[in-house]
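Reviewing the structure listed below.
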Amino acid sequence: MVYRIVRRVPRGTVVTYGQVAAILGHPRAARAVGQALRMLPPGLQRIVPWQRVINAAGRISHRGDVLRPDRQRALLEAEGVRFSRSGTVDLRRLRWRGPRREWIVKLRHEPPF
DNA sequence: AACATGACGTTGC
DNA sequence: CGCAACGCCATGT
């Protein structure tokens, strides 16, 4: 479900881990969303826009990884996402509001990618 | 089965 | 703004 949802996040916008969790019906599973993305097979990184998922503070999470954050920021900037001097994204402007409610149920019987 | 460990979030200083 | 304490969920050992 994580992949199904993240796949639909439009270019140039972002979502938070908790937001993805909420969309898929587990509002407190933000951490698990991170797990899912961590296990994203490299071959699917072109299909699932993992770089558009950031934390609720508007920052890129760097926990347990050193190289990924820089790459993630570069990818986002390449699609027009601007970062503040302190390295935050303006969530109020760039947050994707999510799919329509009816859409979510449909996602369930669609292929994950 | 128990325990540690994260791509986390909220709350309360 | 920052920081710590908890709570949460899935994995790996």
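In this structure the side chain of A:Arg31 never reaches within 4.5 angstrom of the side chain of A:Tyr17, judged on heavy atoms. At least one side-chain heavy atom of A:Val14 sits under 4.5 Å from a side-chain heavy atom of A:Leu76.
Checking side-chain atoms of A:Ser61 against main-chain N and O of A:Arg63 turns up no donor-acceptor pair under 3.5 Å.
The pair A:Arg93-A:Asp90 meets the salt-bridge criterion, since a charged nitrogen lies less than 4.0 angstrom from a carboxylate oxygen. In summary, A:Lys106 and A:Glu102 do not engage in a salt bridge, as defined by a charged side-chain N under 4.0 Å from a carboxylate O.
Geometrically, A:Arg4 does not engage A:Phe113 in a cation-pi contact, judged by NZ or CZ lying under 6.0 Å from the ring centre and within 45° of the ring axis.
One interatomic measurement links the two molecules: CZ of A:Arg63 to P of B:dA4, which rounds to 16 Å at whole-angstrom precision. Rounded to an integer number of Å, the gap from CG of A:Leu67 to P of B:dA7 is 13 Å. Rounded to an integer number of Å, the gap from CH2 of A:Trp50 to P of B:dC8 is 13 Å. If you measure from atom CZ of A:Arg71 to atom P of B:dA7, you get 16 Å, rounded to the nearest angstrom. Here C:dA10 presents its P atom at 14 Å from CE of A:Met1, a figure rounded to the nearest Å. When the P atom of B:dA7 is taken as reference, atom OH of A:Tyr3 falls 14 Å away, rounded to whole Å. Here the C1' atom of nucleotide C:dA10 and the CG atom of A:Leu40 are 16 Å apart, to the nearest Å. If you measure from atom CD of A:Gln72 to atom P of B:dC8, you get 10 Å, rounded to the nearest angstrom.
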**OP:** Apply side-chain hydrogen bond (donor to acceptor under 3.5 Å, both in side chains) to A:Gln45 and A:Gln51, showing your working.
**Re:** CA-CA 9 Å; A:Gln45 293 189 5; A:Gln51 72 272 22; over 6 Å; no
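Near DNA chain C, meaning a heavy atom under 4.0 Å from it, residues 7-32 of chain A has A:Arg28, A:Ala29, A:Arg31, A:Ala32 in order of number.
Cluster membership for A:Val9 and A:Leu91, using ILVMFWY side-chain heavy atoms within less than 4.5 angstrom, is not shared.
A:Arg8 CZ: 12 or fewer foreign heavy atoms inside a 6.0 Å radius.
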Original post:
Just by protein heavy atoms under 4.0 Å, how would nucleotides 1-6 of chain C read 5' to 3' in B, S and -?
Top reply: ------
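Taking atom C1' in both C:dG12 and B:dA1, one finds a spacing of 14 Å when rounded to whole Å.
Closest to the A:Gln35 side chain, of the nucleotides B:dG9, B:dG6, B:dA7, is B:dG6.
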